[in-house]
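Structure first, then comments.
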Amino acid sequence: MSKQKAIIEIEPPDPFVRTEGPMMFRNFLCPHCHGRGGFTEETGRDEYRTKTCIHCDGTGLLKARIAVSWEPDYDS
């Protein structure tokens, strides 16, 4: 099965920049509903109810928002 991946290369910026971002990565297929946006439940004979996916709120897609902050590394 193919998967969508995004790679972020991180390197220290100019000395006066403390934070970067946010960066947005979009159009990831929701792993919970597999891009369908919800689920169909059988509630009775020939009666169905659709539940919206709680992870993607019915869109079928997810996005990642990433921010980077730089600080001194005193632990090394």
Next item on the list: Give the C-alpha distance, both sets of side-chain angles, the deciding distance and a yes or no for side chain to side chain contact (heavy atoms under 4.5 Å, CB included) between Phe39 and Thr50.
Entry: CA-CA 6 Å; Phe39 304 94; Thr50 302; over 6 Å; no
Check: Can Asp75 and Asp73 be said to form a side chain to side chain contact (heavy atoms under 4.5 Å, CB included), step by step?
Finding: CA-CA 6 Å; Asp75 299 328; Asp73 185 2; 3.8 Å; yes
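Counting all heavy atoms, side chain and backbone alike, Leu29 lies closest to Gly35 at CD1-CA, 3.4 Å. Annotation for Asn27 and Leu61: closest pair OD1-CD1, 3.7 Å, computed over non-hydrogen atoms. Heavy atoms only, all atoms of each residue included: Glu71 and Arg18 are closest at CA-NH2, 4.3 Å. Contact record, Thr52 with Asp57: CG2-C, 3.6 Å, taken as the closest heavy-atom pair. The shortest heavy-atom contact between Cys33 and Gly60 is SG-CA, 4.3 Å.
When the side chains of ILVMFWY residues are joined at heavy-atom separations under 4.5 Å, either directly or via intervening members, Phe28 and Ile66 end up in a single hydrophobic cluster.
The SG atom of Cys56 sits 10.0 Å away from atom CZ of Arg36, with the distance rounded to the nearest 0.5 Å. In this structure, His32 NE2 and Ile54 CD1 are separated by 5.5 Å, a value rounded to the nearest 0.5 Å. Summarising the geometry, atom NZ belonging to Lys51 is positioned 11.5 Å from atom OG1 belonging to Thr40; distances are rounded to the nearest 0.5 Å. Taken from CG in Asp14 to CH2 in Trp70, the straight-line distance is 12.0 Å, to the nearest 0.5 Å.
Under the 4.5 Å side-chain criterion, counting only non-hydrogen atoms from C-beta, Val68 is in contact with Met23.
Among residues two or more places apart in sequence or in another chain, the side chain to side chain donor-acceptor pair (under 3.5 Å) test is passed with Glu41 by Arg49.
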